[in-house]
Amino acid sequence: MIALARKTLVYEWRRFVPSVFAVGFAGVLLVMQAALVLGIFSSAAIYITASSADLWVGYPGTQSVNFGRNIGPDVEMRLRMDPDIRAVEPYVWVDGDWRSSQGAAQAAGAVSVYLSGISTAGTAMVFDRVIAPWQRKLLREPGAVIVDRADLDSLATREGGTAWINNHRVRVVAAVDGLRGLGGVNVLASLESAHQIAGSSPSQGSTYLLARVRKGADRHAVQRRLGSEARSFGPHEVWTADSFAHRSQRYWMLDTGAGAGVLFMAIVVCLVGAVVTSQSLKSVVAGSVREYAVLNALGVSRAALGRVVVEQACWIGAAGLLLTSIASVALVSLAQVYRVPVALNLQAALACAALVATLALLSGLGAMRVLLRTDPATLLR
């Protein structure tokens, strides 16, 4: 009877095409929803994931990286005294208002930006996965800033253009890809320029301190040791880069209305995919129910017929997954071309594949249930 399932799919493939497309459609919905969720909320931690630091030090209880508060300069001294710390680097966060020098944009008002004051040293850790060393050196010019290429239009500027942040004149010396974040426009400047725009001084400390542990040291052990020591150097908390990134993403995903809305939409997508797939497979079984009734009347057990239906559902699910893979790769590539925030890792892809396969299998079981409840005598009249 298993051969019957495959032969039916081959010789009556036109009848099963809608089911394959239904499974593929549900799979594409799931994959793209997952890619958008990961892309949007991973950008909340772009400051961490785009940097190579092992440890981040900030104010105790900070929920997300963009909610940082100032920590005292004594904390930096404590880090530099630790034998397992190889490098320490300050990071200054400034909330600012961007005003373009272009007349029309200037009349439209200010754009809220997140100004990051970073080190201009060649071995600096902040955003070293996004900007090249030669671009970092450009920030040594007073008032020099770097922005994301996709934000040039919203900032109404261009490379080489001038603007004002909190009434301080700046010049865009470079535009790069990979700086876009969640909730605002990211702008990079040197530590000196950031302190000048914020009206602060290095002696007052910084928003965060980034540290790199020595080779061979366990960063988790270093983090626990630094976190458990006395607060005589001032209030601060130490996180590993991974845990701080997850902390920021979790805040935006679970503790904000935006995150709850996106997750609710993901659940709706799953339900829509399940309903579409289930109804499609049930219609296929309903179209062949008289043939199944004949086989049942000839002595084929309903359990054997049910196995035929389930195997057909599995083959339909496999074909739908293939269609999902092709369409998802094309759509994700297109989204990246237009700089739509999408991201997809292996775990998410496997989870989507497993969910689509489960939907197809459950739909097959539902169709089998309809078959088992059907009275052959009624269908053969």
Side-chain angles (χ1 to χ4, degrees), residues 37-71 75-76 79 85-95 113-121 123-132 135-136 139 146-148 151 176-191 194 205-213 217-220 222-224 226-227 236-256 258-259 341-345 347-348:
V37 169
L38 292 175
I40 291 172
F41 292 112
S42 63
S43 64
I46 186 65
Y47 318 93
I48 307 166
T49 57
S51 306
S52 60
D54 296 314
L55 301 176
W56 280 67
V57 184
Y59 198 84
T62 301
Q63 295 174 298
S64 177
V65 64
N66 59 308
F67 295 145
R69 297 170 59 184
N70 206 61
I71 55 177
V75 180
E76 181 176 357
L79 293 177
I85 299 297
R86 183 160 58 96
V88 178
E89 182 180 317
Y91 174 33
V92 175
W93 180 287
V94 181
D95 291 324
V113 298
Y114 297 147
L115 179 66
S116 295
I118 64 175
S119 171
T120 58
T123 59
M125 295 174 279
V126 183
F127 287 110
D128 61 341
R129 295 172 180 167
V130 175
I131 60 175
Q135 293 171 325
R136 191 181 294 271
L139 294 177
I146 295 176
V147 300
D148 192 282
D151 291 326
V176 299
D177 294 319
L179 275 182
R180 302 193 82 179
L182 184 64
V185 177
N186 288 319
V187 179
L188 306 186
S190 66
L191 287 167
S206 58
T207 312
Y208 294 103
L209 290 170
L210 283 70
R212 181 177 291 149
V213 302
D218 184 357
R219 59 181 177 178
H220 295 281
V222 176
Q223 180 265 332
R224 287 192 296 268
L226 292 173
H236 64 279
E237 186 173 353
V238 184
W239 309 276
T240 62
D242 292 339
S243 64
F244 195 34
H246 293 156
R247 184 187 186 101
S248 299
Q249 293 167 356
R250 186 170 57 251
Y251 170 79
W252 284 99
M253 186 177 297
L254 302 178
D255 296 339
T256 64
V342 291
L344 194 63
N345 52 36
Q347 293 85 352

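Nothing fancy with the numbering, it's 1 onward along the sequence.
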Applying salt bridge (charged side-chain N to carboxylate O under 4.0 Å, His left out), name anything that partners [X], two or more places apart in sequence or on another chain.
X	answer
D242	R219
R180	D151
E89	none

Of all the heavy-atom pairs spanning [X] and [Y], show the shortest one and how long it is.
X	Y	result
H236	V238	CD2-CG2, 4.2 Å
V65	A44	CG1-O, 3.5 Å
L188	L115	C-CD1, 4.4 Å
I131	Q135	CA-OE1, 3.4 Å
S248	I48	OG-CD1, 4.1 Å
S190	L139	CB-O, 3.4 Å

What side-chain donor-acceptor pairs closer than 3.5 Å can you find for residues 54-61, not counting sequence neighbours?
unit_1	atom_1	unit_2	atom_2	d
D54	OD2	V213	N	3.0

Spacing of [X] atom [atom1] and [Y] atom [atom2] [to the nearest 0.5 Å]:
X	Y	atom1	atom2	value
F127	S116	CZ	OG	4.5 Å
I71	E237	CD1	CD	11.0 Å
I85	R212	CD1	CZ	11.0 Å

Treating [X] as the side-chain partner and [Y] as the backbone partner, does any N or O pair qualify as donor plus acceptor under 3.5 Å?
X	Y	answer
S119	A121	yes
S243	W239	no
T207	N70	no
T62	G68	no
Q223	T240	no

Original post:
Please walk me through it: do L209 and V75 pass side-chain contact (heavy atoms from CB on, under 4.5 Å)?
Top reply: CA-CA 8 Å; L209 290 170; V75 180; 3.9 Å; yes
Subject >> With Y208, the ring-ring contact (aromatic ring centres under 6.0 Å, His included) member among F67, F244, W93 >> reply: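 The residue from F67, F244, W93 that satisfies ring-ring contact (aromatic ring centres under 6.0 Å, His included) with Y208 turns out to be F244.
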Within-4.5 Å side-chain heavy-atom neighbours: [X] and [Y]:
X	Y	result
V222	H220	no
Y114	V185	no
L38	N345	yes
S52	R129	yes

Subject >> N186 side chain to Y47 side chain, donor-acceptor N/O pair below 3.5 angstrom >> reply: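 Short answer, yes.
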**OP:** Consider only side-chain N and O atoms of S206 and Y91, and report whether a donor and an acceptor are under 3.5 Å apart.
**Re:**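 No pair is found: no donor N or O on one side chain lies under 3.5 Å from an acceptor on the other.
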Subject >> Under the side chain to side chain contact (heavy atoms under 4.5 Å, CB included) test, residues paired with S42 that sit two or more places apart >> reply: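 By the side chain to side chain contact (heavy atoms under 4.5 Å, CB included) rule, S42 matches Q249, A343.
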Original post:
Which residues pass the side-chain hydrogen bond (donor to acceptor under 3.5 Å, both in side chains) test with R136, sequence neighbours left out?
Top reply: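 R136: no side-chain hydrogen bond (donor to acceptor under 3.5 Å, both in side chains) contacts found.
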**OP:** Mind running side-chain contact (heavy atoms from CB on, under 4.5 Å) on L79 and L226 for me, showing each step along the way?
**Re:** CA-CA 8 Å; L79 293 177; L226 292 173; 3.7 Å; yes
**OP:** Return yes when atom CZ of R69 has more than 12 non-hydrogen atoms of other residues, nucleotides or ligands closer than 6.0 Å, and no otherwise.
**Re:**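 Atom CZ in R69 is not packed in, count stays at 12 or less.
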